[in-house]
6 protein chains.
Amino acid sequence: MVYLTRRERFNAAHKLWVDDWDDEKNFAVFGKCANVNWHGHNYELFVTVKGTPDPMTGFVMDAKKLSKLIKKLVLDELDHRNLNLDVDFIPKKTQPTTENLVLSIWNRLEPHIEGCQLHCIKLYETENIFAEYYGE
Amino acid sequence: MVYLTRRERFNAAHKLWVDDWDDEKNFAVFGKCANVNWHGHNYELFVTVKGTPDPMTGFVMDAKKLSKLIKKLVLDELDHRNLNLDVDFIPKKTQPTTENLVLSIWNRLEPHIEGCQLHCIKLYETENIFAEYYGE
Amino acid sequence: MVYLTRRERFNAAHKLWVDDWDDEKNFAVFGKCANVNWHGHNYELFVTVKGTPDPMTGFVMDAKKLSKLIKKLVLDELDHRNLNLDVDFIPKKTQPTTENLVLSIWNRLEPHIEGCQLHCIKLYETENIFAEYYGE
Amino acid sequence: MVYLTRRERFNAAHKLWVDDWDDEKNFAVFGKCANVNWHGHNYELFVTVKGTPDPMTGFVMDAKKLSKLIKKLVLDELDHRNLNLDVDFIPKKTQPTTENLVLSIWNRLEPHIEGCQLHCIKLYETENIFAEYYGE
Amino acid sequence: MVYLTRRERFNAAHKLWVDDWDDEKNFAVFGKCANVNWHGHNYELFVTVKGTPDPMTGFVMDAKKLSKLIKKLVLDELDHRNLNLDVDFIPKKTQPTTENLVLSIWNRLEPHIEGCQLHCIKLYETENIFAEYYGE
Amino acid sequence: MVYLTRRERFNAAHKLWVDDWDDEKNFAVFGKCANVNWHGHNYELFVTVKGTPDPMTGFVMDAKKLSKLIKKLVLDELDHRNLNLDVDFIPKKTQPTTENLVLSIWNRLEPHIEGCQLHCIKLYETENIFAEYYGE
């Protein structure tokens, strides 16, 4: 079992805001992240798959194909978008925190990985904060 | 003459959009950067001052004081904000490109540097794009 | 189960030296790390917690609260300090190696993590050496 | 159980090419990586061992000794070499993909780790692609 | 005058070898870099242009157009190639050192920069070595 | 004129402390950096030389020779040392700030650069602070 990881990047706007709470509670809980006019990040995404290297190609999965799959399914929907407003596969009413984003990206990608298994979605929001999800 | 540089970071939303142009021209010129609902970045800011190290302290400028000055004048206004809507010191109708931001940040900081001179404002928008301004 | 990691940094002096050994043996075992007048590092600390994201906030743990906890319990005691002399929570006679530091930091932090679980303490001593501890 | 990781680097040429396939199939499968006259990479290698820190030295393994072992067994054979032609411990007819290289490096190093256990071989081929192997 | 920099990357094989010298002299001067079967690097290229930001777009130069120009003129010829054998715009008999490569890349790009000026070509060969050329 | 830069690293202890001042003034001016028992850093040093690439070798200066020179003259004296106590070429009574260190390292190296010219000494103290000196 060998693990192969591909890094991709996207830039997006978001805010953290619970509609059922008043302004005061939102700012108390989320601080600057609740700024009404949004803020944004350069997200750095690491997708890890696992499997046995093919005896002919030496690939667990062709890294170029993995990259194209991530671009089509994830980046084309998240890059230069607003994570609260623009993205169909992020459930509405769900806060676009790094923790919830790794869950959404896992669910988006997992059914399309063929010939090996999705192992981990890791997402950096800043150089100081990242989240990981391993499917359970 | 010794140069001292302090790195700071801020996260902000923006879009590139000329109000006098129609949608078609805006998307033709700015592409994804014109997304109506904004996108955002982790900006990395490098402020360089130059001068002679003080014979007692060995400081061109106390890096902690430089950091506090940048935080008060620049980060408190840009961090977790919308660069098109929320920032008084960025001229309205000016596109918040990396090139224009280094000019605005220079003009904001320069009058407040004491005991040495501001030498350069350098700003990373992504790991692949940055701009620099040296005051002329 | 989602994993959330927060990066923090501290700068400290230390040396590796066994009091029960003579100079010759200390230098034979520890080399330059036994320099009598100390040396030091920029340490980079990664604290990982795990849990279920809160359905309202989307947080496994508020990253700002995690950061404050690390600052209060760990950084305030380690940053700009001598790891052999100045830190109460590092057992005396224990070498302040990266391996032992992750154990001490785990023991220091673990009882204070609430609402989720501490998963990993990872510490970089240089860009080429780091240690990890998972609690067992 | 504490994990200790040492980073090393080497620069090498390689290409991906199956001798039993014709040119057309090789370029269809491997694209630019099949360039007849080779291409190359700055490889970044992370070797992780695990064990209990020695009560006197605080070492899982002396990081300098680990570094020397990696240099002698791995870097002296891979650095500034052609991975298809010059390296005895990479099986001929095996493609020198990142996935296969972590397997070869594991097999090369594992019998020589004493006093603790080899835990992981992780290898970056570019900043966007890396592979990991944990011994099974 | 504002400076705008775009980072690009390419992976290539090369060796340092003077045909007019015998093997002994080549290995004495170039060491491992003279390995007969080549070695290679992940090159990191920084192209800096300078000019006045356009009053409407805020661009010194559209960074996407700059990227496309670099890809067409430089990366398409260098990426996944052998710098000694495969690249028309590197003069034969010239050693493909980092110093000579920045000169070749400057000469290749400079005539095609329109609306602003090429300021600097900076090229990393490894994380420890880079060269810069400013056109004179 | 081409510029060639070599990165090196060293780890050292230091403190900022003016003997002619009392404790109160030292802590007021230098804060945590005045910790009596020292602290330390992973310093990252960039040495830049400039000249014309040799027509045969393509070298402004052999990067390996530059590295050896830096190791012998600078790193062997600074690495795993105390910058206040252990280093002959840092003037006593001079604070070992990043600004003063680039001056000392310039003066130490400059007379030994042959066949090209020393252009810049750049030194990172942390990822957020660095100083540069260009010889005047």
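Letters A, B, ... mirror the listed sequences (proteins, then strands); counts begin at 1.
The backbone N or O of A:N82 lies less than 3.5 Å from no partner atom in the side chain of B:N37, so there is not a single donor-acceptor pair. Not a single donor-acceptor pair under 3.5 Å links the side chain of A:N11 to the backbone N or O of B:H41.
Between the CG atom of A:D76 and the NZ atom of B:K32 there is a distance of 8.0 Å, given to the nearest 0.5 Å. The distance from the CG atom of A:D79 to the NE2 atom of B:H39 is 8.5 Å, given to the nearest 0.5 Å. The line from CH2 of B:W38 to CG of A:L85 is 11.5 Å long, rounded to the nearest 0.5 Å.
For B:D86, the part sitting under 4.5 Å from any heavy atom of chain A is the side chain, from C-beta outward, and nothing else.
When all heavy atoms are compared, the tightest approach of A:N128 to B:R9 is ND2-NH2, 3.0 Å.
Heavy-atom pairs under 4.5 Å with chain A peak, among B:A34, B:G40, B:G31, at B:G40.
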